[in-house]
Amino acid sequence: YDFGFNYNIEFECDTRVLVLGEGKSLLPSDVVVPLSPITASPDYPTLLSSIPSHPLLEKFRRYLCIVREIRYDDVSDELQKLIEQNFVEERKKDPKNVTGESLHRALVVTRLYAMSRGHRQMEVADWSDAKSLERDRMTRILSQGS
């Protein structure tokens, strides 16, 4: 931070940002999650009335803070082998898009998904669910591009 007196203090910060918008963001992001509207033209008064109340939003915030602090255990050997097999199979099918980066993203999403469900360790169901979520996300991205 620059105090304006030639006295700068550097400090690390871990700020999580969620960018919402109708088009491509000017801000860089690690992941883009396009949303699919349920109706073609929303009824804005109804939409605004469905926004959660302040107490409920506060519960969401607490939930996110608590989940973030869960101590997470390593992935089991059994699941590591399954993930490795899945990665090799998918890479054979699509070597252009299945990369080390996509594997890393899938592992992060799976870990976060597992933690959101209160798990301290990734389970096979978490891996399958996270892969399904990623397929849905990619389908929406591709459908927006056409």
Side-chain angles (χ1 to χ4, degrees), residues 1-3 7-39 42-145:
Y1 184 79
D2 184 359
F3 288 99
Y7 184 72
N8 297 333
I9 296 178
E10 290 187 24
F11 56 91
E12 291 185 33
C13 63
D14 185 12
T15 306
R16 287 158 175 82
V17 177
L18 178 64
V19 179
L20 302 174
E22 292 185 17
K24 185 171 171 72
S25 174
L26 295 174
L27 300 172
S29 61
D30 295 330
V31 177
V32 175
V33 181
L35 303 178
S36 297
I38 296 171
T39 61
D43 174 24
Y44 286 106
T46 304
L47 184 65
L48 289 174
S49 69
S50 69
I51 293 175
S53 65
H54 180 72
L56 184 58
L57 287 174
E58 189 60 34
K59 287 180 182 178
F60 288 152
R61 290 182 186 109
R62 284 189 188 148
Y63 166 77
L64 292 173
C65 289
I66 290 168
V67 167
R68 190 172 84 190
E69 299 301 321
I70 290 176
R71 191 169 152 240
Y72 196 75
D73 297 333
D74 291 332
V75 178
S76 70
D77 291 340
E78 175 188 329
L79 186 56
Q80 279 183 356
K81 289 176 185 173
L82 174 68
I83 291 170
E84 183 181 334
Q85 290 170 349
N86 285 170
F87 177 71
V88 169
E89 290 169 10
E90 289 179 17
R91 182 139 170 113
K92 284 179 185 175
K93 293 176 191 172
D94 188 8
K96 181 181 171 189
N97 293 315
V98 179
T99 63
E101 185 179 314
S102 65
L103 174 62
H104 179 263
R105 183 175 44 249
L107 288 169
V108 169
V109 168
T110 304
R111 180 177 60 86
L112 294 172
Y113 181 77
M115 290 170 68
S116 75
R117 298 177 72 203
H119 299 165
R120 291 185 56 185
Q121 188 172 38
M122 224 184 270
E123 297 176 1
V124 174
D126 299 324
W127 173 250
S128 299
D129 291 348
K131 282 178 51 177
S132 176
L133 290 170
E134 180 64 9
R135 277 191 299 275
D136 292 347
R137 183 184 80 86
M138 291 306 297
T139 300
R140 289 194 305 269
I141 287 174
L142 294 173
S143 69
Q144 279 189 345

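Keep in mind that what you see is a predicted model, and the values were worked out from it rather than measured.
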**Student:** Show the nearest heavy-atom pair for residues Ile141 and Val32, with the distance to one decimal.
**Tutor:**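 In terms of heavy atoms, the two residues are closest at CD1-O, 3.8 Å.
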**Student:** Are the charged groups of Glu90 and Lys93 less than 4.0 angstrom apart, N to O?
**Tutor:**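 Result for this pair is no, no salt bridge flagged.
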**Student:** I need the minimum non-hydrogen distance between Tyr72 and Met122, along with the two atoms involved.
**Tutor:** OH-N, 2.8 Å
**Student:** With rounding to the nearest 0.5 Å, note down the distance linking NZ in Lys96 to OG in Ser102.
**Tutor:**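 The OG atom of Ser102 is 13.5 Å from NZ of Lys96, to the nearest 0.5 Å.
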**Student:** Identify, with sequence neighbours excluded, every residue that meets salt bridge (charged side-chain N to carboxylate O under 4.0 Å, His left out) alongside Arg135.
**Tutor:**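 Partners of Arg135 by the salt bridge (charged side-chain N to carboxylate O under 4.0 Å, His left out) criterion come out as none, since no residue qualifies.
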**Student:** To the nearest 0.5 Å, what is the distance between NE2 on His119 and OG1 on Thr110?
**Tutor:**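 Separation between the atoms: 12.5 Å.
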**Student:** Tell me, do Leu79 and Leu82 make a side-chain contact under 4.5 Å, heavy atoms counted?
**Tutor:** yes
**Student:** Check whether Ser116 reaches the backbone of Tyr113 with its side chain - one donor and one acceptor, N or O, closer than 3.5 Å.
**Tutor:**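 The answer is yes, because a donor-acceptor pair under 3.5 Å joins these two groups.
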**Student:** Name all residues meeting the salt bridge (charged side-chain N to carboxylate O under 4.0 Å, His left out) criterion together with Lys81; count only those two or more places apart in sequence or in a different chain, and write none if there are none.
**Tutor:**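 Lys81: no salt bridge (charged side-chain N to carboxylate O under 4.0 Å, His left out) contacts found.
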**Student:** Using every non-hydrogen atom in the two residues, find where Arg91 and Thr99 come nearest and quote the distance to one decimal.
**Tutor:**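 Nearest pair, atom of Arg91 first, then Thr99: NH1-CA, 3.6 Å.
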**Student:** According to salt bridge (charged side-chain N to carboxylate O under 4.0 Å, His left out), who are the partners of Arg117, at least two apart in sequence or on a separate chain?
**Tutor:** Asp126, Asp129
**Student:** Quick check on Glu84: does its CD atom have over 12 non-hydrogen neighbours (other residues, nucleotides or ligands) under 6.0 Å away?
**Tutor:** no
**Student:** Can you name the nearest heavy-atom pair linking Ile70 to Met115, along with the distance?
**Tutor:**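 Where Ile70 meets Met115 most closely, the heavy atoms are CD1-O, 3.5 Å.
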**Student:** Roughly how far apart are Arg62 CZ and Leu57 CG, rounded to 0.5 Å?
**Tutor:** 12.0 Å
**Student:** Taking atom CG of Leu26 as the centre, report whether more than 12 heavy atoms of other residues, nucleotides or ligands fall under 6.0 Å from it.
**Tutor:**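 Atom CG in Leu26 is not packed in, count stays at 12 or less.
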**Student:** Between Ala130 and Val109, which heavy-atom pair has the shortest distance, and what is it?
**Tutor:**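 Scanning both residues, the minimum pair turns out to be CB-CG1, 4.0 Å.
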**Student:** Can you tell me how far CE of Met138 sits from CG of Asp136, rounded to the nearest 0.5 angstrom?
**Tutor:** 11.5 Å
**Student:** Working to the nearest 0.5 angstrom, can you tell me the gap between Ile83 CD1 and Glu78 CD?
**Tutor:** 10.5 Å
**Student:** Nearest 0.5 Å, what's the CZ-CG distance between Arg71 and Asp73?
**Tutor:**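 The CZ atom of Arg71 sits 6.0 Å away from the CG atom of Asp73.
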**Student:** Taking the side chain as every heavy atom from C-beta outward, state whether Arg137 and Val31 have any pair of such atoms under 4.5 Å apart.
**Tutor:**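 Yes - at least one pair of side-chain heavy atoms lies under 4.5 Å apart.
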**Student:** With the side chain counted from C-beta on, respond yes when Val75 and Arg111 share a heavy-atom pair under 4.5 Å apart, and no when they do not.
**Tutor:**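 No, every pair of side-chain atoms sits at 4.5 Å or beyond.
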**Student:** Should Glu89 and Lys92 be marked as a salt bridge (Lys or Arg N to Asp or Glu O under 4.0 Å) after you check the CA-CA gap, both sets of side-chain angles, and the distance that decides it?
**Tutor:** CA-CA 5 Å; Glu89 290 169 10; Lys92 284 179 185 175; over 6 Å; no
